[in-house]
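If you read the sequence from its start, that first residue is 1, and numbering goes on from there. Only a predicted model underlies this, so the values are computations on that prediction, with no experimental measurement involved.
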Amino acid sequence: MIVSVTRSGGFAGLTKQGELDTSDQPDADRLEAAVRELGAKDLGAGRPQPDRYVYRLVVRDAANVTHHTVAEQDMDATTAWLLDRILS
């Protein structure tokens with residue numbers, strides 16, 4: 001599974017991008033579980049807030065491509081960990 005993330009917004013309005021191939025990671029199962037959980041969560045439903053980040057994810061696996069939007073203020077601990085791993 002390949003996960004691409006673009007973070008935009010924030011105080012300075014800078015953009016940061018990252019990509020991670022989970023098959024290359026020792027904790028691939030945990031990473032892929034966190035990605036699959038995104039589909040069940042509604043983390044992008046909140047209205048954009050000034051000086052907060054918005055994360056746009058593109059997930060590519062063998063079967064399909066999915067897109068997720070995560071608002072910083074709606075993020076939970078698992079999603080924060082996932083995004084930190086991808087953008088680090």
Side-chain angles (χ1 to χ4, degrees):
M1 177 182 294
I2 298 174
V3 185
S4 302
V5 175
T6 301
R7 182 186 75 191
S8 60
F11 181 71
L14 301 176
T15 299
K16 185 172 183 178
Q17 295 180 320
E19 185 171 276
L20 182 70
D21 184 346
T22 60
S23 65
D24 295 341
Q25 304 299 313
D27 56 349
D29 291 341
R30 181 178 177 200
L31 288 163
E32 291 175 7
V35 171
R36 282 191 298 275
E37 286 179 20
L38 289 174
K41 298 174 184 178
D42 200 9
L43 299 175
R47 300 183 76 195
Q49 295 180 354
D51 301 329
R52 303 295 296 262
Y53 291 122
V54 175
Y55 300 84
R56 289 178 175 74
L57 293 86
V58 178
V59 181
R60 293 175 182 84
D61 63 15
N64 55 26
V65 176
T66 57
H67 299 266
H68 303 280
T69 300
V70 178
E72 179 183 14
Q73 69 273 8
D74 298 333
M75 194 179 321
D76 61 6
T78 301
T79 305
W81 169 82
L82 173 68
L83 295 172
D84 184 57
R85 280 291 303 275
I86 297 168
L87 291 173
S88 296

Using a 3.5 Å cut-off and no angle test, enumerate the donor-acceptor pairs between side-chain atoms of residues 6-15 and protein atoms at least two apart in sequence or in another chain.
| residue | atom | partner | partner atom | Å |
| --- | --- | --- | --- | --- |
| Thr6 | OG1 | Gln17 | NE2 | 3.4 |

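- In this structure Glu19 satisfies the salt bridge (charged side-chain N to carboxylate O under 4.0 Å, His left out) test with no other residue, sequence neighbours excluded.
- Remark: Arg52 pairs with Gln49, Glu72 by the side-chain hydrogen bond (donor to acceptor under 3.5 Å, both in side chains) rule, at least two apart or across chains.
- Tracing side-chain contacts under 4.5 Å through hydrophobic residues (I, L, V, M, F, W, Y), one reaches Leu83 starting from Met1; they form part of the same cluster.
- The stretch residues 54-66 participates, sequence neighbours left out, in no salt bridge (charged side-chain N to carboxylate O under 4.0 Å, His left out) pair at all.
- Other cluster members for Val65: Val58, joined by side-chain heavy-atom distances under 4.5 Å among Ile, Leu, Val, Met, Phe, Trp and Tyr.
- For Ser23, the side-chain hydrogen bond (donor to acceptor under 3.5 Å, both in side chains) test picks out Asp21, with sequence neighbours left out.
- Side chains of Leu87 and Tyr55 form a contact here, defined as non-hydrogen atoms less than 4.5 Å apart.
- The only option from Val59, Ile86, Val70 that meets the side chain to side chain contact (heavy atoms under 4.5 Å, CB included) definition with Val5 turns out to be Ile86.
- Under the rule for a side-chain hydrogen bond (donor to acceptor under 3.5 Å, both in side chains), Thr78 has no partner lying at least two apart in sequence or in another chain.
- Residues that satisfy the side-chain contact (heavy atoms from CB on, under 4.5 Å) test with Leu31, not counting sequence neighbours, are Leu20, Thr22, Gln25, Asp27, Trp81, Leu82, Arg85.
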